[in-house]
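All values below come from the heavy atoms of this structure, side chains included, with hydrogens, waters and symmetry mates left out. Proteins get letters first, then strands, A, B, ... in listed order; numbering begins at 1 in each.
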There are 2 protein chains.
Amino acid sequence: MGDDMILAVEQAVTSSDKTFFQLRKDIVEGTILPGSKLSETELSTKYSVSRAVVREAINRLESCHLVERKANVGARVVSLTPEGLVELYQVRESLEGMAARLAATNMSDEEIADLRELLSTHFNTVKSGETYYQEAGDVDFHYRIILGSKNSHLIAMLYNGLYHLIRMYRVQLGMAGPRVTTAFDEHKHIVDAIANRDPELAEMLMRRHIQYTCRNLKPKLS
Amino acid sequence: MGDDMILAVEQAVTSSDKTFFQLRKDIVEGTILPGSKLSETELSTKYSVSRAVVREAINRLESCHLVERKANVGARVVSLTPEGLVELYQVRESLEGMAARLAATNMSDEEIADLRELLSTHFNTVKSGETYYQEAGDVDFHYRIILGSKNSHLIAMLYNGLYHLIRMYRVQLGMAGPRVTTAFDEHKHIVDAIANRDPELAEMLMRRHIQYTCRNLKPKLS
DNA sequence: AAAGCTTAAATTGTCGACAAAATAGCGAAT
DNA sequence: ATTCGCTATTTTGTCGACAATTTAAGCTTT
């Protein structure tokens, strides 16, 4: 079970899809470095596809904010900056706060029970010292709450839009920090608020949680 | 001076840009009806461009959430539903609330003064009965605060992503409601909070303002 | 030696044609 | 008459080639 379980729902039907997924993976995981140029001809020979599908893939990457393109010039992988990280987490705080708020109303009792179970599983694996579950568990937790909001725009913006960029920052900063146990407590309080059907509190706790995460990541980049 | 002054910064350099802008305008303003199919060949003959540029334009429209595309099937203009409107305004409340919060910190004194001036101009034109400034004035107000956040992600998501869809709903619902004066008061309070450098209050007032707007729009669609 | 212009190479933008998939239409069987 | 299956048509996906723009190189000039 890898850390890309959240991608399971995406299935590549067309050749352009495959190229898009591959390119996104290479960018997010650092195989293609931030700031590097994406040559259409070069990539088309590398992946053995036409330039048209590479173009389409690059366009989609631009929509994810993973590459920047200038007309008649070309596309480059985005550069990671401390300011960019802060801006990204401000948006994330806003959207995931709203997601938690909505989840407190829209998640079913069963979904909440599943979330609790995930949390306890996560807790046991972390306690037994297997830290490599850490990021996957965290992503899964947040993802379920986003889905629990039942808001398709929210889901699309976070999942198709920002999460890959966030992960790219995480990878470049050398994975997660050491604040596993505190993050676990924060997650638990958020679930409690959702289970108590308290939208205000759920939003506030989620926003604080993300603020803490940002403060934890920020010093690593500068 | 039309209601598309906010688009002034966008300039079409490539043929695909023009097609994208044209298509977006036709969809947002209702020339192409919600739910209708977008045939690539048909559009390519209609706009006298190649199918490739139409494809690229449609892909961009999909990123704006204005069309939905299924592989090997085609693209359709999104359908407008009451649930979709609510979801859209939930996201908008979240993002613009954050924009107001950030604007309270990041807007310069000069920008705030300009905003105040815009508001008084708006007030005078409304008082003199020229209601056709209404929507443009409202959009301009919100747009300046979004820019004032100085957060590029926020700006991109709202401006390139959601505002056209919001406008599409507004057009389909027969333009704005009659709550001009109350909205003006709300705008004024928001500017006051920003001028007082009070992020918490600015966010809260903006969120309430958008909630009211949504409640005002909602009964028209069902 | 440095700056500016001219020309050559490389890259992106656009186009028409072919391949693959899905839809529509027709006919046969129940 | 309806359903199932087959064929034909339409539509999307992919490809290679050409056009337009940008970038790089070389030359001239000061």
Going by salt bridge (charged side-chain N to carboxylate O under 4.0 Å, His left out), name the residues that satisfy it together with B:Arg76, two or more places apart in sequence or in a different chain. none

From CG of B:Leu43 across to C1' of D:dT12 the rounded distance in Å is 13 Å

Show me the pairs that pass salt bridge (Lys or Arg N to Asp or Glu O under 4.0 Å) and involve residues 46-56 of chain B, at least two apart or across chains. A:Arg55-B:Glu56, A:Glu56-B:Arg55, B:Glu40-B:Arg51, B:Glu40-B:Arg55

B:Glu42 CD to D:dT9 C1', straight-line distance once rounded to whole Å: 17 Å

Check ring pair (Phe, Tyr, Trp, His ring centres under 6.0 Å) between B:Phe20 and all other residues, then give those that pass, not counting sequence neighbours. none

Within residues 15-22 of chain B, which residues have any heavy atom lying less than 4.0 Å from an atom of DNA chain C? B:Ser15, B:Ser16

Applying side chain to side chain contact (heavy atoms under 4.5 Å, CB included), name anything that partners A:Ser108, two or more places apart in sequence or on another chain. A:Glu110, A:Glu111

Whole-Å distance between D:dG13 C1' and A:Glu56 CD? 8 Å

Considering residues at least two apart in sequence or located in another chain, which fulfil the ring pair (Phe, Tyr, Trp, His ring centres under 6.0 Å) criterion with B:Tyr89? none

Indicate yes or no: does B:Glu10 engage B:Lys25 in a salt bridge with an N to O separation below 4.0 Å. no

All side chain to side chain contact (heavy atoms under 4.5 Å, CB included) counterparts of A:Glu96, not counting sequence neighbours: A:Arg92, A:His142, A:Ile146, A:Leu158, A:Tyr163, A:Met206, A:Ile210

List the residues meeting side chain to side chain donor-acceptor pair (under 3.5 Å) with B:Gln211, not counting sequence neighbours, and say none if there are none. B:Glu93

Mind checking which nucleotides bracket the chain A contacts on DNA chain C, 5' to 3', with an atom under 4.0 Å from a heavy atom? C:dT11 to C:dT14

What residues in residues 60-77 of chain B put a non-hydrogen atom under 4.0 Å from any atom of DNA chain C? B:Asn72, B:Val73

Mind checking side chain to side chain contact (heavy atoms under 4.5 Å, CB included) for B:Ser50 and listing every partner two or more places apart, or none if nothing turns up? B:Ala52, B:Val53

Taking salt bridge (charged side-chain N to carboxylate O under 4.0 Å, His left out) as the test, write out the residues that go with A:Arg215, two or more places apart. none

Within the 4.0 Å heavy-atom criterion, would you say A:Ile58 contacts the bases, only the backbone, or no part of the nucleic acid? nothing

